[in-house]
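Residue numbers begin at 1 in each chain, while the letters A, B, ... track the order of the sequences.
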Amino acid sequence: MSSTSNDILGNVFFNESALSIAPNLLGCKIFRRYKDNTVKGFTITEVEAYGGEEDLACHASKGITERTSIMYKSGGYLYVYLIYGMHWMLNIVSGAEGSPQAVLIRGLAECYGPGRLTKLLAIDKSFNGRHLGELEDLWIEKAQHNYKYNAGPRIGVNYAGEYWSNVPWRFWIDQNNQKGF
DNA sequence: GTAAGGATTGGC
DNA sequence: CCAATCCTTACT
């Protein structure tokens, strides 16, 4: 089973809203070419959508700053930032230019946890602001089929208030109801 | 300039 | 349960 360039997700995919992209990323494989030239692929199993200045859980709710400006770009850019002084978070900017949205990659089949998976993928601040379409060392290939998934509140955003801390914008593959997973 | 706090994790 | 740890943001 070989991959073709047609399987690689590009601008057409990422320019949709974060909310619609997020579940479609489930089952996609994120590939990394490491410095020693080895290539490994990991299946995305959990994501979260962040979108719009009105989303109080989204960093862009504070408006455009040096940190959040990347989210105002068109889809396909990477938003990578450090949290709690030690963990890199990997986000894919979504939506059209001027609409600050992003999808956080929270889990892989091979590695659960947003901080853990960036360590596995060797992703740090050097990836912030890069565009997926320009990268030879990181790309995402589309899922082979649609997966059944669950949705629930996002993690770690209790500060965002009653409504925004409870919107079901976290999506994960339903492993108990998945044939052949 | 300074202070407060966080899209988490792992160790006690 | 709670400390680690440092960057970004918002200012007594």
Check: dA7(B) P sits how many Å from M89(A) CE, rounded?
Finding: 9 Å
Checklist line | R154(A) side chain vs W164(A) backbone, donor-acceptor pair below 3.5 Å | finding: yes
Note to self: Nearest 0.5 Å, please: how far is CD in E110(A) from CD1 in I44(A)?
What the structure shows: 10.0 Å
Check: Under 4.5 Å between any side-chain heavy atoms of H59(A) and Y50(A), yes or no?
Finding: no
Indicate every side-chain donor-acceptor pair of residues 84-98 of chain A with a distance under 3.5 Å to a residue at least two apart or in another chain.
unit_1	atom_1	unit_2	atom_2	d
N91(A)	ND2	Y79(A)	O	3.2
S94(A)	OG	I92(A)	O	3.2

Check: So what stems show up for DNA chain C if we need 3 or more Watson-Crick or G-U pairs in a row, all under 3.5 Å?
Finding: B:1-6 with C:6-11, B:8-11 with C:1-4
Check: If you look at every strand shown and take non-hydrogen atoms under 4.0 Å, does Y81(A) touch a base, only sugar-phosphate, or nothing?
Finding: base
Check: Whole-Å distance between dT8(B) C1' and E48(A) CD?
Finding: 12 Å
Checklist line | Counterpart residues, side-chain contact (heavy atoms from CB on, under 4.5 Å), relative to S69(A) (two or more places apart) | finding: I64(A)
Check: Planes under 30° and centres closer than 5.5 Å, is that true for Y50(A) with the base of dA7(B)?
Finding: yes
Next item on the list: Could you tell me whether the phosphate oxygens of dA7(B), OP1 or OP2, come under 4.0 Å of any side-chain nitrogen or oxygen in H87(A)?
Entry: no
Next item on the list: Give the rounded distance in Å between these two atoms: NZ of K119(A) and C1' of dA4(C).
Entry: 14 Å
Next item on the list: Name all pairs fulfilling the ring pair (Phe, Tyr, Trp, His ring centres under 6.0 Å) condition that reach into residues 100-134 of chain A, sequence neighbours left out, sorted by first residue then second.
Entry: Y77(A)-H131(A)
Note to self: Between D124(A) and T118(A), is there a side-chain heavy-atom distance shorter than 4.5 Å?
What the structure shows: no
Note to self: Please report the distance, rounded to the nearest Å, between CH2 in W164(A) and P in dA7(B).
What the structure shows: 16 Å
Margin query: Counting primed atoms plus P, OP1 and OP2 as sugar-phosphate and everything else as base, spell out the protein contacts along nucleotides 5-12 of chain C at 4.0 Å heavy-atom distance: B, S or - for each nucleotide, 5' to 3'.
Written below: BBSSSS--
Notebook entry, point to check: What distance, rounded to whole Å, do you find between the two P atoms, one in dT2(B) and one in dT5(C)?
Noted result: 22 Å
Margin query: Does anything in residues 110-118 of chain A come within less than 4.0 Å of DNA chain B? Heavy atoms only, and list the residues if so.
Written below: G113(A), P114(A), G115(A), R116(A)
Check: Is the NZ or CZ atom of R32(A) positioned over Y34(A)'s six-membered ring, under 6.0 angstrom from the centre and within 45° of the axis?
Finding: yes
Next item on the list: Return no unless some side-chain N or O of R170(A) is found under 4.0 Å from OP1 or OP2 of dA7(B).
Entry: no
Margin query: Tell me if dA4(B) is syn or anti. Syn = glycosidic torsion within 90° of 0, anti otherwise.
Written below: anti
Notebook entry, point to check: Are F14(A) and L25(A) close enough that some pair of their side-chain heavy atoms sits under 4.5 Å apart?
Noted result: yes
Checklist line | Rounded interatomic separation in angstrom, taking CD from E46(A) and P from dT8(B) | finding: 11 Å
Check: Does any non-hydrogen side-chain atom of F13(A) lie less than 4.5 Å from one of I140(A)?
Finding: no
Next item on the list: Using a 4.5 Å cut-off on heavy atoms from C-beta on, say whether the side chain of E141(A) contacts that of I8(A).
Entry: yes
